[in-house]
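Just below is one structure, and these are the notes that go with it.
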Amino acid sequence: MKSSSDIAIKVWDLVVIGGGPSGMMCAGRAGEVLGGGQDDAGGKKKVNINNKKDVQLAKILLLEKNEKLGQKLSITGGGRCNITNAEFDNRAFLSNFPEAKEFLFSPFSKFSAKDTFTFFESKGLSLVVEARKRAFPETQKASDVMHVMERYVKDNGVAIKTGVQVVSVTQDGDNPFLIKTKDGEKFYSRHIAFATGGLARVQERGVSAGGFSILQKLGHTIKASNPNIVPLTTSAKWVHAISGVTLSFMAIRFKQNGVTKLKKTGKILFTHFGISGPLILNSSFEVKKLLANGSVEASIDLFPDTEENELDRRVWRLFEQNKNKKLKNSLPEMMESSLAEQVLNLPDIKLAEKEANAVTKEERKKLVKKMKNLTFPITGTLGLEHAVIASGGVPPEEVDFRTMVSRVNPNLYLLGDVLDINRPSGGFSLQLCWTTGFVAGTDIANKIRN
Ligand SMILES: Cc1cc2nc3c(=O)[nH]c(=O)nc-3n(C[C@H](O)[C@H](O)[C@H](O)COP(=O)(O)OP(=O)(O)OC[C@H]3O[C@@H](n4cnc5c(N)ncnc54)[C@H](O)[C@@H]3O)c2cc1C
């Protein structure tokens, strides 16, 4: 009978922790370079664990805390998945990563947005490009992206274990890493890729960012997390009252002490807590910085292409044509009716019940000014639980971006949202996952082979 010390210890060549987009790309790519399959011994190198010789080598294992891979991936882009941004000039693409672009030139020279197109299209998933170069699967289904990635991982011989939460990773000298799970399972691995994600939406759908404390214990610095792409809140009740209304063309100014600090033009969505939509989400990082210095006021111009005098003439004509109508019944000809009602009921306007023929010139001009300068206070953000992207994580200085290997441990790799890299929405986050996952997977596989 074999004693427990005789039982072979299985040592994986690579364990990827986290089955999101970056982890799946890394595991699949490493398997692809190694030629797939799990049966033959993965590496050529002999591995000893505390001088135990009876060691069985295996290739790649992907560990995921949730029961399914890629839960967050399947809710991206409102369920459509903005898979990348079709800006094929790397320099232009990386201008969207203001603080980290110098780090990213090297990995993007190996796997760029163009490569993402080739990758998915070669696997039968055609991509289409929408406004602002945002690319989506032609099927408009994030679940299809998920399935391509899952198949990529499986077809390349990666072993998958879901429902497994890693709680610690330690390394004794030159021995392989020892990975322990919440349920007391142990795994040994010569290389580890951390793809455990960031702190945005940690509560939602069981998405968890359990990697940071483990990385800290392995010697990495972890920058505090802050919501970066996140809806903004206001205390103005009239904004809450028009929840669901979208203005497809307006200009918004964010002001501090009466001075405009940021101006954006485009679409805005009013919600029961404040304002949202891509334009607002992409302004939130700067607005949050302003909020740290004091109060912030938003001012919306409902007719950004029309000068105030011209707008006044349009309103005057509307009143002339609807002399005996109450303004609450005529103004909706010029703007969304629930918004018109709220504007007319503002304490300094109070014109909803007045007929047009009773409105004075001063009252009309005041209304026009309001339509050009609809102000409300910004009180904050919806916080990490509602953030699309959170800052924080491992600072880029602690990673060698040529390979995505940690500068703290030569067998540890860091991917995707684990990294503290700020960027806007528009497909840039997932591209960062595809790129870092691909580069790390390639490097790890080459190390294993040699
Ligand atoms: C609502 C929403 C919509 C978005 N839409 C887009 C979009 O359209 N386009 C875009 O580019 N970006 C989008 N993003 C951002 C994008 O989803 C993320 O940047 C991306 O998912 C990060 O991938 P990742 O692999 O780094 O981490 P994640 O996707 O967060 O995956 C990490 C995985 O690791 C697992 N894990 C964590 N800790 C452990 C542990 N201790 N043990 C085992 N497993 C663990 C998690 O369960 C998770 O599955 C969106 C984000 C949100 C929240």
Side-chain angles (χ1 to χ4, degrees), residues 15-27 61-85 96 113 116 130 132 134-137 140-142 145-146 149-150 160-169 179-183 185 187 192-215 227-231 276 278 281 382 384-391 393-394 404 414-437 440:
V15 169
V16 178
I17 308 176
S22 65
M24 287 191 279
M25 180 56 108
C26 175
L61 173 65
L62 176 61
L63 296 178
E64 168 54 48
K65 174 181 167 288
N66 294 325
E67 294 302 330
K68 282 193 201 153
L69 298 178
Q71 287 209 7
K72 198 195 253 183
L73 179 58
S74 55
I75 60 164
T76 51
R80 298 197 301 132
C81 186
N82 182 186
I83 197 165
T84 185
N85 192 282
N96 290 286
T116 297
E130 297 187 5
R132 294 186 288 123
R134 291 167 307 142
F136 294 84
Q140 304 284 310
K141 283 191 197 151
V145 179
M146 231 310 289
M149 291 313 294
E150 194 171 14
I160 302 169
K161 235 174 178 289
T162 57
V164 177
Q165 183 179 355
V166 172
V167 289
S168 81
V169 175
I179 300 154
K180 288 188 184 159
T181 73
K182 201 175 170 191
D183 297 332
E185 265 187 289
F187 301 94
I192 288 193
F194 256 89
T196 44
L199 279 172
R201 300 266 188 128
V202 285
Q203 257 97 42
E204 188 161 329
R205 293 180 150 226
V207 171
S208 152
F212 288 148
S213 56
I214 304 174
L215 281 170
N228 258 11
I229 297 191
V230 63
S276 191
L281 293 172
L382 266 196
L384 279 173
E385 309 85 79
H386 298 273
V388 174
I389 287 158
S391 66
V394 177
M404 301 316 298
L414 301 152
L415 320 173
D417 277 8
V418 160
L419 302 161
D420 182 22
I421 293 180
N422 190 24
R423 71 270 172 185
S425 71
F428 299 102
S429 299
L430 284 175
Q431 183 58 50
L432 192 63
C433 293
W434 311 134
T435 297
T436 54

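Every number for a ligand or one of its atoms is a count from 1 in the order of the listing.
The N/O atoms of Gly211, backbone and side chain alike, include none that comes under 3.5 Å of an N/O atom in ligand 1. For the pair Leu430 and ligand 1, the shortest N or O to N or O distance falls below 3.5 Å. The shortest N/O to N/O separation between Lys65 and ligand 1 falls below 3.5 Å. Between Thr76 and ligand 1, no pair of N/O atoms sits closer than 3.5 Å. At under 3.5 Å, a nitrogen or oxygen of Ser22, whether backbone or side chain, sits near a nitrogen or oxygen of ligand 1. Any N or O atom pair closer than 3.5 Å counts here, and Val166 shares at least one such pair with ligand 1. Ligand 1 has an N or O atom lying under 3.5 Å from an N or O atom of Asn82, backbone or side chain.
At least one heavy atom of Glu64 sits closer than 4.0 Å to an atom of ligand 1. Heavy-atom separations between Asn66 and ligand 1 include at least one value shorter than 4.0 Å. At least one heavy atom of Arg423 lies less than 4.0 angstrom from ligand 1.
Closest non-hydrogen pair, Ala440 versus Leu415, comes out as CB-CD2, 3.3 Å.
Under 4.0 Å from ligand 1, the heavy atoms of Val164 that appear belong solely to its backbone.
Between Leu414 atom CG and Ile192 atom CD1 the span is 10.5 Å, to the nearest 0.5 Å. Atom CD of residue Glu150 and atom OG of residue Ser74 lie 10.5 Å apart, to the nearest 0.5 angstrom.
Using modelled atom types, no side-chain atom of Asp420 and backbone atom of Ser391 make a donor-acceptor pair closer than 3.5 Å. Between the side chain of Thr435 and the backbone N or O of Leu432 there is no donor-acceptor pair closer than 3.5 Å. Listed for the Asn96 side chain is no donor-acceptor partner under 3.5 Å among the backbone atoms of Pro424.
Residues Leu73 and Met24 are in side-chain contact: their nearest non-hydrogen atoms beyond the backbone lie under 4.5 Å apart.
Near Gly18, the atoms of ligand 1 lying under 4.0 angstrom from a non-hydrogen atom of the residue are 33 (C), 34 (O), 35 (C). Close approach to Ala195 involves these atoms of ligand 1, each under 4.0 Å from a residue heavy atom: 32 (C), 33 (C), 34 (O). Within ligand 1, counting atoms from 1 as listed, the ones closer than 4.0 Å to a heavy atom of Gln165 are 41 (N), 42 (N).
Applying the salt bridge (charged side-chain N to carboxylate O under 4.0 Å, His left out) test to Lys68 and every residue at least two apart in sequence or in another chain returns nothing. Every residue meeting the side-chain hydrogen bond (donor to acceptor under 3.5 Å, both in side chains) condition with Thr84, not counting sequence neighbours, appears here in chain and number order: Gln431.
Which of Gly163, Gly416, Gly77, Gly427 comes nearest to atom 8 (O) of ligand 1 through a heavy atom is settled by distance: it is Gly77. Summarising the contacts of atom 26 (O) of ligand 1 with Leu419, Thr436, Asp417, the nearest heavy atom is found in Asp417.
With respect to Arg423 and Asp417, a salt bridge is recorded, a charged nitrogen being found less than 4.0 Å from a carboxylate O.
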